[in-house]
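Notes for the one structure printed next.
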Amino acid sequence: MANNTENKEPAKKSNFIHLQIEKDLKEGKNNGRVLTRFPPEPNGYLHIGHAKSICLNFGIAEKFGGKCNLRFDDTNPTKEEMEYVESIEKDVRWLGFDWEDRLFYASDYFQKLHDFAVKLIKEGKAYVDDQSSETISQQKGTPTRPGQESPYRNRTSEENLDLFQRMTAGEFDEGSRVLRAKIDMASPNMHMRDPIIYRILKAHHHRTGDKWCVYPMYDFAHGQSDYWEGITHSICTLEFEVHRPLYDWFIDQLMNSDYRPRQIEFARLNLTYTIMSKRRLLELVKDGHVNGWDDPRMPTITGLRRRGYTPESIRNFSDRIGVTKVDGMIDVSLLEYSVREHLNKTAQRVMGVLNPLKVIITNFPEDQDEILEAVNNPEDESMGKRKVPFSREFYIERDDFMEDPPRKFFRLAPGREVRLRYAYFVTCTDVIKNDKGEITELHCTYDPESKGGNSPDGRKVKATLHWVSAKHAVKSEVRLYDRLFNDEDPAGHKDFDFKEFMNQDSLQVLPECYLEPFVKDAKPLDHFQFERLGYFNLDYDSTPERPVFNRTVPLRDSWAKAQNNK
RNA sequence: UGUCCUGUGGUGUAAUUGGCAACACGUCUGAUUCUGGAUCAGAAGAGUCCAGGUUCGAGCCCUGGCAGGACAACCA
């Protein structure tokens with residue numbers, strides 16, 4: 001019986017943000033409405049850290065009967081591109097979330113933002129500063145020392161208005177002037193020291209084209225976008241915590257009812273042996289250290305998808321790691337556990353030999369083929385069975401044979417009998433070597449009585465080996481991936497560039513692997529378990545003549561672990 | 001010598017208005033098995049950063065320390 005409840009996702013774990021929202025709801029805030037948003041900047045591909053945020057924001061909407069918007073934070077045309085917009089939409093959908101008709105862009109609000117800036121100017125709360133960025137930066141002071149006021153701080157609103165209109169009209173060069181909010185140059189919070197809210201950028205914007213010469217800064221665009229969309233809970237990462245007073249300051253200037261969006265910060269995801277900054281990921285892509293954003297070694301959503309991760313496994317992972325304000329580091333093995341868990345229940349089993357060693361059964365009829373029956377997934381009977389061809393010559397894994405086996409090695413060895421999965425018991429009789437003493441072939445005998453994998457006399461064998469009939473084998477390329485970095489925290493070393501910790505052996509290509517014929521019908525991204533080895537999926541690079549498989553993650557292997565611990 | 005945030009087993013998270021620190025991953029046993037997988041059963045592992053205080057009772061409250069992180073882009 002198939003157990004349909006097994007694939008159901010467990011109830012979402014609660015977290016401190018849920019608690020705060022419950023409290024807000026109880027207090028009757030925002031008329032009981034809950035609206036969140038996922039606000040990526042389209043300047044790179046989404047990664048597993050974004051997945052955490054996506055699951056959090058859409059998860060909150062789901063839990064509290066609200067909605068979640070997708071909003072592109074596209075206020076910097078020099079870094080943003082349509083390619084990224086498209087990839088982000090695709091990735092969010094693939095993860096299983098739907099923003100319905102609520103797709104927004106900060107650029108939707110450029111006019112309103114500009115109007116708002118004009119309002120601040122008229123109220124004497126914003127001014128045009130003609131100084132260079134260096135000067136402004138110097139006047140800003142340091143975290144421990146207050147800043148100084150700009151000489152342009154007290155211009156009349158008429159003059160400010162005129163200057164800002166001319167900035168908008170493109171009269172001035174980039175960098176020559178900015179619009180600043182007039183708050184407090186002595187504030188202990190750096191972000192309140194007259195933050196820049198508009199800068200001149202004569203760049204082509206992916207949506208508004210050449211319409212604008214001035215663009216709002218993040219702080220000036222984000223909260224206001226939240227406000228205009230009616231966002232109730234604006235969830236962002238810890239580094240924006242110090243921005244919150246500024247977020248609130250702008251909202252204060254805007255508010256005209258009881259409604260107010262609230263910013264709540266949580267700790268971004270850090271994974272061991274992984275980098276999670278778009279800047280660094282871009283560097284890996286641009287400098288060719290990986291083969292693009294969707295390289296299966298990348299922690300990007302597109303990379304994980306290509307690697308063979310499933311949306312369910314990523315969602316489960318997100319739920320398992322929880323949400324807090326503690327800046328921690330999650331072990332990648334937890335991510336791997338999550339895919340294994342899902343794929344174990346869902347992946348089609350198949351046999352494949354990665355490092356082939358030929359075996360000939362000397363007492364098996366020369367031209368005889370047999371068709372054996374194999375279970376598609378022992379965890380899910382409803383997936384049925386399949387036929388697997390068997391013949392006199394086949395391949396086994398080189399690792400499954402040892403000429404001089406140590407005590408705890410259960411697999412094939414001279415004179416030893418093992419089971420070929422779903423096939424026969426075989427006993428190794430001869431080891432054939434070449435001039436160099438390398439093993440090239442094994443001779444075995446088989447017990448015809450053990451067809452299917454069990455001997456009528458009830459005798460036991462200690463190992464079951466996977467195999468692929470030589471004449472029926474589908475020759476494939478298999479790509480094995482290892483972690484991209486050797487260091488737990490590659491970006492955490494002040495004196496070393498993260499690239500110095502790159503694992504030179506993170507990609508291993510095996511050009512000659514043999515798989516059972518069943519895989520011939522596979523489509524890109526189809527998941528398989530190669531029995532006893534791991535989970536694999538078909539790569540986009542496959543051709544009908546030459547399938548290419550990626551190893552998503554190996555199976556847990558207590559034998560290999562015992563060897564490593566020696 | 002500022003502001004803000006954080007500090008619970010190896011890792012990540014829990015702990016109703018204070019009530020003998022729970023769960024997951026990992027680790028280690030054992031059972032079972034035609035995947036050395038999966039599954040099942042069990043064990044070890046923290047006394048909650050430190051020091052005081054309030055209380056019958058504190059991981060939760062108070063005081064003072066200590067440690068770590070964020071903030072000085074015309075990035076987000």
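Chain letters run A, B, ... following the sequence lines, proteins first and then strands; every chain starts at 1.
In this view, A:Tyr45 and A:Glu83 satisfy the side-chain hydrogen bond (donor to acceptor under 3.5 Å, both in side chains) rule, not counting sequence neighbours. Annotation: ring-ring contact (aromatic ring centres under 6.0 Å, His included) contacts of A:Tyr105 (sequence neighbours excluded): A:Phe72. Applying the side-chain hydrogen bond (donor to acceptor under 3.5 Å, both in side chains) test to A:Lys140 and every residue at least two apart in sequence or in another chain returns nothing. For A:Tyr309, there are no ring-ring contact (aromatic ring centres under 6.0 Å, His included) partners at least two apart in sequence or on another chain. Here A:Arg268 pairs with A:Glu239 under the side-chain hydrogen bond (donor to acceptor under 3.5 Å, both in side chains) rule; sequence neighbours left out. Residues that satisfy the side-chain hydrogen bond (donor to acceptor under 3.5 Å, both in side chains) test with A:Tyr109, not counting sequence neighbours, are A:Glu229.
As rounded to the nearest Å, B:U11 and B:C4 have C1' atoms that lie 27 Å from one another. Spacing of P atoms, B:C23 relative to B:A44, comes out at 13 Å, to the nearest Å. Remark: the separation of the C1' atoms in B:A15 and B:G9 is 15 Å, to the nearest Å. B:G47 sits 15 Å from B:G19 when the C1' atoms are compared, rounded to a whole Å. Between B:G37 and B:U29, the two P atoms lie 13 Å apart (nearest whole Å). Taking the P atom of each, B:G18 and B:U55 are spaced 16 Å apart, rounded to whole Å. B:U27 and B:U6 have their P atoms separated by 33 Å, with the value rounded to a whole Å. Taking atom P in both B:U32 and B:A22, the straight-line distance is 31 Å, to the nearest Å.
Taking the centre of each ring, A:Phe164 and A:Tyr127 stay at or above the 6.0 Å mark. Taking the six-membered ring for Trp and the full ring otherwise, the centers of A:Phe549 and A:Phe536 sit at least 6.0 Å from each other.
Applying the salt bridge (charged side-chain N to carboxylate O under 4.0 Å, His left out) test to every pair with at least one member in residues 327-343 of chain A, sequence neighbours left out, gives these pairs: A:Arg320-A:Glu341. Each salt bridge (charged side-chain N to carboxylate O under 4.0 Å, His left out) pair with one or both residues in residues 190-200 of chain A, not counting sequence neighbours, appears once here: A:Arg153-A:Asp194.
Using a cutoff of 4.0 Å between basic side-chain nitrogens and carboxylate oxygens, A:Glu516 and A:Arg386 are scored as salt-bridged. Ion pairing between a basic and an acidic side chain is recognised when a charged N comes within 4.0 Å of a carboxylate O; A:Lys451 and A:Glu370 show such pairing.
Because its glycosidic torsion is more than 90° from 0, B:G45 is reported here as anti.
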Expected rows: protein N/O vs nucleotides 10-17 of chain B N/O, under 3.5 Å:
residue : atom : partner  : partner atom : Å
B:U11   : O3'  : A:Met329 : O            : 3.4
B:U11   : O2'  : A:Met329 : O            : 3.4
B:G12   : OP1  : A:Met329 : N            : 3.3
B:G12   : O2'  : A:Ile321 : O            : 2.8
B:U13   : OP1  : A:Thr324 : OG1          : 2.8
B:U13   : O2'  : A:Lys13  : NZ           : 3.3

Can you tabulate the close N/O pairs, meaning under 3.5 Å, that link protein atoms to atoms of nucleotides 39-44 of chain B?
none

At a cut-off of 3.5 Å, list every protein nitrogen or oxygen paired with a nitrogen or oxygen from nucleotides 71-73 of chain B, distance to 0.1 Å.
residue : atom : partner  : partner atom : Å
B:C71   : O2'  : A:His191 : NE2          : 2.9

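Both A:Asp74 and A:Arg419 lie near RNA chain B, and the one whose nearest nucleotide falls closer to the 5' end is A:Arg419.
With a 4.5 Å cut-off on side-chain heavy atoms, A:Pro195 and A:Asp219 do not count as touching.
Each of B:G36, B:A76, B:G2 was ranked by its minimum atom distance to the side chain of A:Asn76; first place goes to B:A76. Nearest nucleotide to the A:Arg411 side chain, out of B:G36, B:U35, B:A76: B:G36.
Contact of A:Arg145 with B:U1 (side chain to base): no donor-acceptor pair of N or O atoms is detected under 3.5 Å.
When base pairs are accepted only as Watson-Crick or G-U wobble with both N-N or N-O distances under 3.5 Å, RNA chain B takes part in stems of 3 or more pairs at B:2-7 with B:66-71, B:10-13 with B:22-25, B:27-31 with B:39-43, B:49-53 with B:61-65.
In terms of phosphate contacts, A:Arg199 brings a side-chain nitrogen or oxygen within less than 4.0 Å of OP1 or OP2 of B:A76.
Rounded to an integer number of Å, the gap from CG of A:Asp219 to P of B:A70 is 18 Å.
Below 30°, between 30° and 60°, or above 60°: for A:Tyr218 and A:His243 the angle between ring planes is above 60°, a perpendicular geometry.
Residue-nucleotide stacking is not present for A:Tyr218 and B:A76, judged by a side-chain ring centre under 5.5 Å from the six-membered base ring centre and planes under 30° apart.
Without hydrogens or angle criteria, A:Trp467 side chain to A:Arg421 main chain gives a donor-acceptor distance under 3.5 Å.
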